[in-house]
Each structure stands twice: as C-alpha cells, then as structure tokens.
Amino acid sequence: MLAKMAVEETGMGVYEDKIQKNKGKSKAVWNKLKGVKSRGILEYDDVNDIVKVAKPIGVIGAITPTTNPTMTPMHNAMVALKGGNALIVCPHPRAKKTGVVTVDLMRDALKAVGAPVDLI
C-alpha cells in the first residue's frame, strides 16, 4: 500500500522496487539495531582512558525526501526510538499523504504495544 502511494503521489520510483525497499531495508535496519546497546555505557577505552556513553537527546526532527517517503521515516523512527528519543517527521510536500499514512501506521504500532503514540 505504501509503495503504491509513494509512486502515485510523487511520480517517482518503481512500485516493485519500493515494495522491496520497504520490506527489505526495514528488516535490515531492525536486525542491525536489535540486541545492540543504545543507551548507557557502551564502551571503555582503557588505552585512552575514555568511557563512551550514549544517552537520549530528546526530540529528533527528520525531513523526509520525495524519493523515499516511506522507508526514511521508518528508519529514522527505529533509530530514534532505540536511542530513547521521540521523532518528528516532516514529509516533503510532494509526498505529504504518503508520509502521513506512514507515520499513522507507526503510531498505530506504538499504541498496539502500549507505548505513547506521540513518540512519533
């Protein structure tokens, strides 16, 4: 559905390629992120006496390009939420409807797991 919307609304891309991108890249991003520590002490560098610490920064703003109105918000949301942040998505005007539907679907997923929908 999102692939079709993106191609129809923007006039860019190939429907079948958008399907593959949405399915493949979203899984690849999640598989890369899951199990990886994203908050707290990440690493001790004894040689240089440095401790690497990751902490949430709060709210992240993301501008979505016309060429990638679905996967970019999905990627940005996974990274932001994994780091303990909220995300504001600003879709390109030529992909506004697709961007809104993408965000609505992610908000529905947050609600389904009992998370605050306004994280996105």
Side-chain angles (χ1 to χ4, degrees):
M1 171 193 66
L2 292 175
K4 184 177 182 190
M5 284 185 72
V7 171
E8 288 176 356
E9 184 176 20
T10 66
M12 301 176 80
V14 176
Y15 170 69
E16 293 79 10
D17 294 346
K18 297 276 187 200
I19 291 172
Q20 290 298 76
K21 182 182 276 191
N22 289 345
K23 288 182 176 182
K25 289 206 178 258
S26 59
K27 287 178 186 174
V29 169
W30 178 245
N31 286 330
K32 179 114 176 132
L33 293 175
K34 73 179 182 179
V36 175
K37 190 168 183 178
S38 59
R39 292 180 246 173
I41 296 173
L42 302 181
E43 181 181 333
Y44 292 99
D45 180 346
D46 294 329
V47 174
N48 298 304
D49 201 26
I50 295 173
V51 178
K52 294 183 182 178
V53 179
K55 64 179 185 171
I57 59 172
V59 180
I60 298 172
I63 300 170
T64 303
T66 305
T67 55
N68 204 4
T70 56
M71 189 51 222
T72 296
M74 286 189 267
H75 171 271
N76 292 343
M78 286 186 269
V79 172
L81 296 176
K82 177 87 167 124
N85 300 292
L87 180 69
I88 295 174
V89 176
C90 178
H92 189 282
R94 287 193 347 226
K96 186 177 176 182
K97 291 176 187 172
T98 304
V100 167
V101 170
T102 301
V103 168
D104 286 345
L105 288 169
M106 291 188 292
R107 289 170 55 93
D108 290 347
L110 288 171
K111 184 177 182 179
V113 297
V117 296
D118 289 336
L119 286 173
I120 303 174

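Side chains are part of it too, since the values below use all heavy atoms of this structure and drop only hydrogens, waters and symmetry mates.
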Subject >> T98: which of E9, K4, E8 passes side-chain hydrogen bond (donor to acceptor under 3.5 Å, both in side chains) >> reply: E9
Original post:
In terms of hydrophobic clusters joined by side-chain contacts under 4.5 Å, are V29 and I19 together?
Top reply: no
**OP:** Looking only at non-hydrogen atoms, find the nearest pair between N68 and P73 and report the distance.
**Re:** O-CD, 4.0 Å
Original post:
D108 versus V117: any side-chain heavy-atom pair under 4.5 Å?
Top reply: no
Original post:
Between V89 and N76, is any pair of side-chain heavy atoms under 4.5 Å apart?
Top reply: no
Original post:
When rounded to the nearest 0.5 angstrom, what is the spacing between NZ in K55 and OG in S38?
Top reply: 14.5 Å
Subject >> V7 side chain reached by M12 side chain, heavy atoms, under 4.5 Å >> reply: no
Subject >> Other residues, nucleotides, ligands: >12 heavy atoms within 6.0 Å of D49 CG >> reply: no
Subject >> Distance (rounded to the nearest 0.5 Å) between K34 NZ and M78 CE >> reply: 12.0 Å
Subject >> Audit row: S26, M71, side-chain contact (heavy atoms from CB on, under 4.5 Å) steps and yes/no >> reply: CA-CA 7 Å; S26 59; M71 189 51 222; 3.9 Å; yes
Subject >> Close side-chain approach of L2 and V101, heavy atoms under 4.5 Å >> reply: yes
**OP:** Measure from the side-chain N and O atoms of N85 to the backbone N and O of G58, and report whether any donor-acceptor pair falls under 3.5 Å.
**Re:** yes
**OP:** Provide the closest heavy-atom pair for K18 versus G13 in the form atom of the first, atom of the second, distance.
**Re:** CE-CA, 4.1 Å
**OP:** Please lay out, stage by stage, how T64 and H92 fare under the test side-chain contact (heavy atoms from CB on, under 4.5 Å).
**Re:** CA-CA 6 Å; T64 303; H92 189 282; 5.7 Å; no
**OP:** Could you check if a side-chain atom of V53 sits within less than 4.5 angstrom of a side-chain atom of V51, using non-hydrogen atoms only?
**Re:** yes
Subject >> Greater than 12 external heavy atoms within 6.0 Å of K25's NZ >> reply: no
**OP:** Over all heavy atoms of both residues, which pair between A86 and A80 is shortest? Give the atoms and the distance, please.
**Re:** O-CB, 4.3 Å
Subject >> Linked, directly or transitively: W30 and V79 (ILVMFWY side chains, under 4.5 Å) >> reply: yes
**OP:** Compare all side-chain heavy atoms of P65 with those of T72 and state whether any distance is below 4.5 angstrom.
**Re:** yes
**OP:** Indicate the atoms forming the closest heavy-atom contact of P91 with G99, along with that distance.
**Re:** CB-CA, 4.1 Å
Original post:
Is D118 close to R107 at the side-chain level, that is, under 4.5 Å between some pair of heavy atoms?
Top reply: yes
Original post:
Within a reach of under 6.0 Å around CG of L42, are more than 12 heavy atoms found that belong to other residues, nucleotides or ligands?
Top reply: yes
Original post:
Atom CG of L105 and atom CG of L110: how far apart are they, to the nearest 0.5 Å?
Top reply: 11.5 Å
Original post:
Do T102 and M106 come within less than 4.5 Å of each other through their side chains, counting heavy atoms only?
Top reply: yes
**OP:** Determine yes or no for a side-chain-to-main-chain donor-acceptor pair under 3.5 angstrom, with N48 supplying the side chain and I50 the backbone.
**Re:** no
Subject >> Nearest-0.5 Å distance, CD1 of residue I120 to CD1 of residue I60 >> reply: 11.0 Å
**OP:** Hey, could you give me the CG/CG distance between L87 and L119, rounded to the nearest 0.5 Å?
**Re:** 9.5 Å
**OP:** Check whether M74 and I88 end up in the same hydrophobic cluster, where Ile, Leu, Val, Met, Phe, Trp and Tyr are linked by side-chain heavy atoms less than 4.5 Å apart.
**Re:** no
**OP:** For K52, look at atom NZ and say whether over 12 heavy atoms of other residues, nucleotides or ligands are found less than 6.0 Å away.
**Re:** no
